[in-house]
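Accompanying notes for the structure given below.
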Amino acid sequence: MSTTTIKLQDLDIDQLATFKKETETELQNFTYSLSALNTAVAKFKSNITNIDEISSSKDQQRELLVPLTASLYVPGKTVNNQKFLCDVGTGYFIEKEAGDAKVFYEKKVKKLNEDSNKLNEIIKNKSDMLNSIETVLQKKVIEARAQMANK
Amino acid sequence: MEQLEKLSVDFTKFQNDLNELMKARQKLETQYQENKIVLDELTQIKTDKESNKIVEYPKIFKQTGSILLPIDFQESETNVTKRIEFITGEITRVEAKVKETNGKLEKTRDELIKLRSTATA
């Protein structure tokens with residue numbers, strides 16, 4: 001795709017309205033992605049806290065409640081509180097030592113935070129653009145109305 | 001007039017086809033990225049094992065439905081590599097189709113424009 005610069009001023013009201021709508025949809029999609037990203041970051045962070053919590057216990061057989069369903073729990077004990085199964089994606093789980101597991105999730109959090117920063121930048125640009133479109137559109141509408149009134 | 005109608009029907013059809021293909025392409029990309037992450041993780045383990053950083057391969061499980069099945073390191077590596085090969089193949093296939101449909105779409109559009117201008121002339 002070639003990039004050509006088109007001035008907002010050169011577009012007519014209809015085109016501006018369409019463009020505005022498109023930008024709004026894009027902005028919405030990006031905002032949605034951002035919140036999904038942040039949810040993922042929160043999840044990974046809570047994994048890290050959980051690893052700390054479980055592995056820091058001196059007693060290997062740490063007691064905890066095992067969820068059978070979301071509302072049914074049985075008391076249980078960890079057989080080994082230093083080993084964790086990490087979901088690495090597409091249904092694969094790899095057993096890792098507490099330290100490695102933490103590094104694994106810390107890496108994920110770092111990567112996602114970078115992505116989230118990039119996305120924030122994009123969202124900022126898009127909403128700036130939306131603002132300029134709106135300003136031009138409003139000006140054009142006022143001009144068009146004034147012309148109608150003159151006739 | 002009949003031809004014009006046929007052309008616009010074709011045009012809409014190609015547009016829809018293209019949309020579907022783009023969606024499929026997007027989905028494949030997501031799958032590719034996810035599998036790539038898994039493969040990177042497995043490759044890291046392999047390097048660690050070969051450089052004796054770790055003594056044994058860690059336990060690996062594959063989720064099948066709602067249960068976790070233990071799986072060999074080698075097996076998981078072959079599976080993921082195969083999966084990536086398959087996805088890359090699919091991506092090439094879909095991209096070829098995108099190109100083809102795009103060509104058809106442009107051709108129909110040109111014909112439409114030509115027909116319209118002769119109709120109004």
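In the text below, chain A, chain B and the rest are named by the order of the sequence lines, each starting its count at 1.
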Look at the side-chain heavy atoms of Ile, Leu, Val, Met, Phe, Trp and Tyr, link any pair under 4.5 Å apart, and say whether [X] and [Y] land in one connected group.
X: A:F30; Y: B:M22; result: yes
X: A:I51; Y: B:F61; result: no
X: A:F84; Y: A:V66; result: yes
X: B:V38; Y: B:F86; result: yes
X: A:L64; Y: A:L85; result: no

Separation between [atom1] of [X] and [atom2] of [Y], rounded to the nearest 0.5 Å:
X: B:E77; Y: A:Y92; atom1: CD; atom2: OH; answer: 11.0 Å
X: B:Q63; Y: A:D87; atom1: CD; atom2: CG; answer: 7.0 Å
X: A:K111; Y: B:I37; atom1: NZ; atom2: CD1; answer: 7.5 Å
X: A:I94; Y: B:L42; atom1: CD1; atom2: CG; answer: 5.0 Å

Verify the neighbour count for atom [atom1] of [X]: are there more than 12 heavy atoms of other residues, nucleotides or ligands below 6.0 Å?
X: A:Q147; atom1: CD; answer: no
X: B:Q26; atom1: CD; answer: no
X: B:K49; atom1: NZ; answer: yes

Which atom pair, heavy atoms only, marks the closest approach of A:E95 to B:P58?
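Minimum heavy-atom contact is O-CB, 3.3 Å.
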
Measuring heavy-atom distances to chain A, does B:L68 have an atom under 4.5 Å in its side chain, in its backbone, in both, or in neither?
side chain

Would you mind checking which part of B:I71 comes under 4.5 Å of any heavy atom in chain A, side chain (CB onward), backbone (N, CA, C, O), both or neither?
side chain

Quick one: do A:K107 and B:E41 make a salt bridge, cutoff under 4.0 Å?
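Salt bridge absent between A:K107 and B:E41.
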
I'd like to verify something: which residue of A:G91, A:C86, A:G89 has the highest number of heavy-atom pairs under 4.5 Å with chain B?
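Ranked by heavy-atom pairs under 4.5 Å with chain B, first place is A:G91.
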
Engaged part of A:K83 at the chain B interface, taking heavy atoms whose separation is under 4.5 Å:
neither

For B:K62 and A:T90, indicate whether the former's side chain and the latter's backbone hold a donor-acceptor pair under 3.5 Å.
yes

